[in-house]
Amino acid sequence: MSLLLRTPLFFSPNESHFKNPCFSHVSASLDTGIQRAPSSKMASSLQCIEETKARIVKLIHKAELSVSTYDTAWVAMVPSPNSSNEPCFPDCLAWLLENQCYDGSWACPHHHSFLKKDVLSSTLACILALKKWGVGEEQINNGARFIEVNFASATEKSQISPTGFDIIFPTMLDYARDLFLDLRLEPTTFDDLIFKRDLELKRCYQSQESEPYLAYVAEGMGKLQDWESVMKYQRKNGSLFNSPSTTAAAFIALPNSGCLNYLHSALKKFGNAVPAAFPLDLYSRLRTVDNLESLGISRYFQKEIQHMLDETYRCWLQGSEEIFMDASTCALAFRTLRMNGYKVTSDSITKLIPDSFCGNMKDIGTALELYRASEFMIYPHERDLEQQNLRLKDLLEQELSSGFIHSSQLGRNIDSEVNHALEYPFYAIMDRVANRINIEHYNFDNTRIMKTSYCSPNFANKDFLFLSVEDFNHCQAMHREELAELERWVTENRLDELKFARQKSAYCYFSAAATFFAPELSDARMSWAKNGVLTTVVDDFFDVGGSVEELKQLIQLVETWDADASTECSSQYVQIIFSALRRTVSEIGDKAFKLQERRVTNHIIEIWLGLLYSMMKEAEWTADNHVPTMDDYISNAYVSFALGPIVLPSLYLVGPKLSEEMVRHSEYRTLFRLMSTSGRLLNDIQTCEKELKDGKLNAIPLYMINSGGDTSKYAATREMKSLIGCQRRELLRLVLEREGSVLPEPCKELFWHMSTVLHLFYDKDDGFTSKDLIKVVNEVIHQPIVVKEF
């Protein structure tokens with residue numbers, strides 16, 4: 001089919017048509033030496049990036065949406081309130097006359113080869129509008145010939161069926177006959193269409209869930225429609241389902257001032273044509289924000305996103321129908337607002353979920369959006385949200401197993417998305433890991449399908465992909481340099497000579513690079529990674545490498561701090577560990593001083609001493625065969641899990657000032673306790689068998705012993721998992737909560753970042769032994785993203 005238009009007016013004025021002249025290649029030229037995709041043109045990347053950002057800013061401020069020939073045709077059929085023999089919107093008729101394609105169809109520019117049913121439906125609607133008012137005989141004849149030639153596509157199973165096509169298209173053929181429109185259609189195909197319509201209507205009448213669906217496709221119901229019943233779905237803006245076509249059909253059958261006012265408002269915004277859904281502004285802009293966040297480039301647009309979310313929050317508080325009358329919009333708004341710290345309750349989302357995936361209006365994309373929203377449980381009383389999460393998980397698993405999944409987004413690999421969402425909940429995947437997956441599987445086809453197809457660059461476009469690839473590869477180049485620096489630091493401090501210690505510098509650095517990856521956070525990453533290496537060394541020293549005397553000597557040296565290890569201890573192991581520790585802590589303290597404008601080295605030493613004391617206590621318990629109570633174990637184990645030296649010093653290096661009062665505040669301690677306790681329990685679940693053999697303390701057998709021996713290992717594990725869930729939700733609540741919070745947001749986020757690291761590391765294995773992680777580490781640090789030309 002030809003997609004050439006005589007006058008390309010399918011987009012409202014001032015739209016960009018989604019072109020990105022920079023995207024002839026994708027390169028990470030922000031840093032030399034990054035791998036590039038082949039390209040015949042090498043435009044200035046920096047200029048291209050700035051132009052790309054400028055276009056994205058416009059999308060955050062204002063949504064762009066294609067107009068719909070199908071809906072415009074139905075609006076064109078509306079008679080004037082003053083005379084049923086005159087069109088109410090003659091400019092829409094003129095638009096139809098001007099926008100027929102050369103092949104006789106009314107196909108939109110985004111027409112896809114699998115959307116022939118949509119083109120047939122749109123073309124027939126346009127013919128009906130012109131025939132009704134007796135204009136455009138030539139266009140009618142050309143359109144009729146197109147339908148006759150392509151009529152077989154109406155029953156092809158390989159073609160995508162717009163919502164309600166099996167009901168609406170045959171009924172429009174009835175309208176054509178009533179208007180004495182002579183269409184020479186293949187009889188067998190016509191009979192098949194009528195049979196499918198009757199079968200579909202029979203099935204719908206047998207299900208109460210189908211009432212909203214039949215109201216939505218009201219223009220296809222003909223004389224069977226109870227219009228008084230349909231009008232109960234009218235919204236405050238006068239529309240039915242925010243659909244111009246449904247609203248126009250309703251006004252034709254049952255004149256209503258609200259319907260007419262709605263149609264006038266749509267045309268006032270879009271000119272002489274209307275979109276497939278209106279308003280869609282809030283959803284479109286939220287989808288832009290979601291794109292930016294999922295691709296890892298939202299930090300470039302913080303001011304614009306903040307303004308947009310403030311606006312969305314006002315609409316949420318006002319109970320806007322644009323949010324609460326659409327399940328996808330409500331779920332997306334809830335998730336985006338909550339994850340950005342806005343105080344939104346889950347009541348509205350749980351009320352929507354039962355009705356959102358039923359009858360003929362079901363879309364797996366909507367169900368997936370609702371599932372993602374239901375994951376964000378942060379309050380103990382959100383039991384309804386928890387139940388809905390479980391229900392939606394079961395539903396998505398059933399849809400996956402059925403082998404047939406439908407999404408309203410053209411070309412969307414929805415089954416892969418669903419499978420990934422179920423396997424990796426948001427709290428168990430690190431940002432950069434998720435970013436890479438989203439980039440590599442990004443579908444920039446922004447076509448959506450309801451009763452007809454429509455598109456918006458807010459949904460997806462090449463600009464998002466271009467900027468995210470550039471950013472990922474640029475950050476990755478810095479990460480490789482930092483990892484090389486870390487490995488030099490290991491050698492310079494002789495840590496590689498400690499044969500008892502696991503050599504895990506890449507993993508330690510990866511956990512930082514995969515979570516807080518921005519270039520300006522380099523010092524925080526290096527602090528995190530170096531202390532990660534040191535805690536691993538010290539942990540192994542306490543477990544297998546050191547004698548009791550050596551352990552005590554190490555503690556004494558840290559307590560004294562200014563001691564010379566080479567003269568004050570005979571153990572080479574202690575000398576190496578303490579020297580590395582002192583140099584590293586002093587270096588971090590000096591860097592923190594420049595940002596904090598106060599000395600924090602003593603606090604970092606204090607953090608390290610807390611870890612050493614807790615490790616010594618566990619060593620003494622093991623040596624004495626002491627079995628602590630569960631409370632005693634947890635109160636010590638969350639410290640001995642060794643996250644303190646990794647996370648807490650890094651807080652001083654992420655930017656905001658941290659006063660002494662802040663680091664002594666209960667919020668600071670609670671965040672640390674919640675993060676560390678859930679991490680310790682995750683580790684204990686995975687390492688239970690191994691630690692029992694090694695004679696180490698572990699939460700699972702301790703819980704069984706402390707419960708009087710009546711609890712099975714399975715029950716104890718289930719209880720620990722429940723406790724982990726509670727701790728994680730409370731941690732997320734504190735991280736997101738603004739009211740009454742003392743710590744700056746960037747600092748609180750590090751606690752959550754570590755939590756995602758722990759959930760990924762200990763998902764299936766001990767974090768340092770999982771072979772799956774090798775591939776992920778390489779993808780985040782070593783392998784640039786290369787996108788072919790398109």
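All values below were derived from every heavy atom in this structure, side-chain atoms included, with hydrogens, water molecules and symmetry-related copies excluded.
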**Student:** Taking the basic N atoms (NZ, or NE/NH1/NH2) and the acidic carboxylate oxygens, is any pair closer than 4.0 Å for R664 and E606?
**Tutor:** yes
**Student:** Would you say that F541 contacts Y573 through its side chain, given a criterion of any heavy-atom pair below 4.5 Å between the two side chains?
**Tutor:** yes
**Student:** Please tell me whether E51 and Q47 have a donor and an acceptor in their side chains that are separated by less than 3.5 angstrom.
**Tutor:** yes
**Student:** What's the spacing between S650 OG and H753 NE2 if we round to 0.5 Å?
**Tutor:** 11.0 Å
**Student:** Is K53 paired with E50 through a side-chain N to carboxylate O contact shorter than 4.0 Å?
**Tutor:** yes
**Student:** Can a donor-acceptor pair be found between the side chains of Y509 and E482 at a distance below 3.5 Å?
**Tutor:** yes
**Student:** At what distance, to the nearest 0.5 angstrom, does CD of E587 lie from CH2 of W489?
**Tutor:** 9.0 Å
**Student:** Would you call R502-D539 a salt bridge at under 4.0 Å N-O?
**Tutor:** yes
**Student:** Decide yes or no for F376 and F426: does some side-chain heavy atom of the first lie under 4.5 Å from some side-chain heavy atom of the second?
**Tutor:** yes
**Student:** For K696, which residues count as a salt bridge (charged side-chain N to carboxylate O under 4.0 Å, His left out) partner, sequence neighbours excluded?
**Tutor:** D543
**Student:** Ring-plane angle category for H603 and Y668, please: parallel below 30°, perpendicular beyond 60°, tilted otherwise.
**Tutor:** tilted
**Student:** Taking 4.0 angstrom as the limit, do R733 and E730 come out as a salt bridge?
**Tutor:** yes
**Student:** Less than 4.5 Å apart, side chain to side chain, heavy atoms only: is that true for S586 and W561?
**Tutor:** yes
**Student:** Among all residues two or more places apart in sequence or in another chain, which pass the side-chain hydrogen bond (donor to acceptor under 3.5 Å, both in side chains) test with T491?
**Tutor:** none
**Student:** Which distance, rounded to the nearest 0.5 Å, do you find between the OH of Y300 and the CD1 of I305?
**Tutor:** 12.5 Å
**Student:** Within a reach of under 6.0 Å around NZ of K721, are more than 12 heavy atoms found that belong to other residues, nucleotides or ligands?
**Tutor:** no
**Student:** What I'd like to find out is whether the side chain of F761 reaches to under 4.5 Å of the side chain of N683, using heavy atoms alone.
**Tutor:** no
**Student:** Less than 4.0 Å between a side-chain N and a carboxylate O, is that true for R680 and D684?
**Tutor:** yes
**Student:** If you count every heavy atom of other residues, nucleotides or ligands that lies below 6.0 Å from R598 atom CZ, does the total exceed 12?
**Tutor:** yes
**Student:** Would you say the side chain of T515 lies within less than 4.5 Å of the side chain of D431, judging by non-hydrogen atoms?
**Tutor:** no
**Student:** Side chains of F751 and L674: closer than 4.5 Å at any heavy-atom pair?
**Tutor:** no
**Student:** Applying side chain to side chain donor-acceptor pair (under 3.5 Å) between E293 and each of N340, T336, N438, report the one that passes.
**Tutor:** N340
**Student:** Identify the heavy atoms of R582 and D564 that sit nearest to each other, and give their distance.
**Tutor:** NH1-N, 4.4 Å
**Student:** Could you tell me whether the side chains of Y633 and N698 share a donor-acceptor contact shorter than 3.5 Å?
**Tutor:** no
**Student:** Got a second to check how far T535's OG1 is from L643's CG, nearest 0.5 Å?
**Tutor:** 8.0 Å
**Student:** What is the minimum heavy-atom distance between L731 and S755, and which atoms define it?
**Tutor:** CD2-CB, 3.7 Å
**Student:** Find out whether W621 and P628 are in side-chain contact, i.e. whether some heavy atom of one side chain is under 4.5 Å from a heavy atom of the other.
**Tutor:** yes
**Student:** Measure the shortest side-chain to side-chain distance between C475 and R432 over non-hydrogen atoms and say whether it is less than 4.5 angstrom.
**Tutor:** yes
**Student:** For the pair K693 and E689, find out whether any cationic side-chain nitrogen is under 4.0 Å from an anionic carboxylate oxygen.
**Tutor:** no
**Student:** For the CZ atom of R494 and the CD atom of E497, what is their distance to the nearest 0.5 Å?
**Tutor:** 4.5 Å
**Student:** Is the NZ or CZ atom of R599 positioned over F593's six-membered ring, under 6.0 angstrom from the centre and within 45° of the axis?
**Tutor:** yes
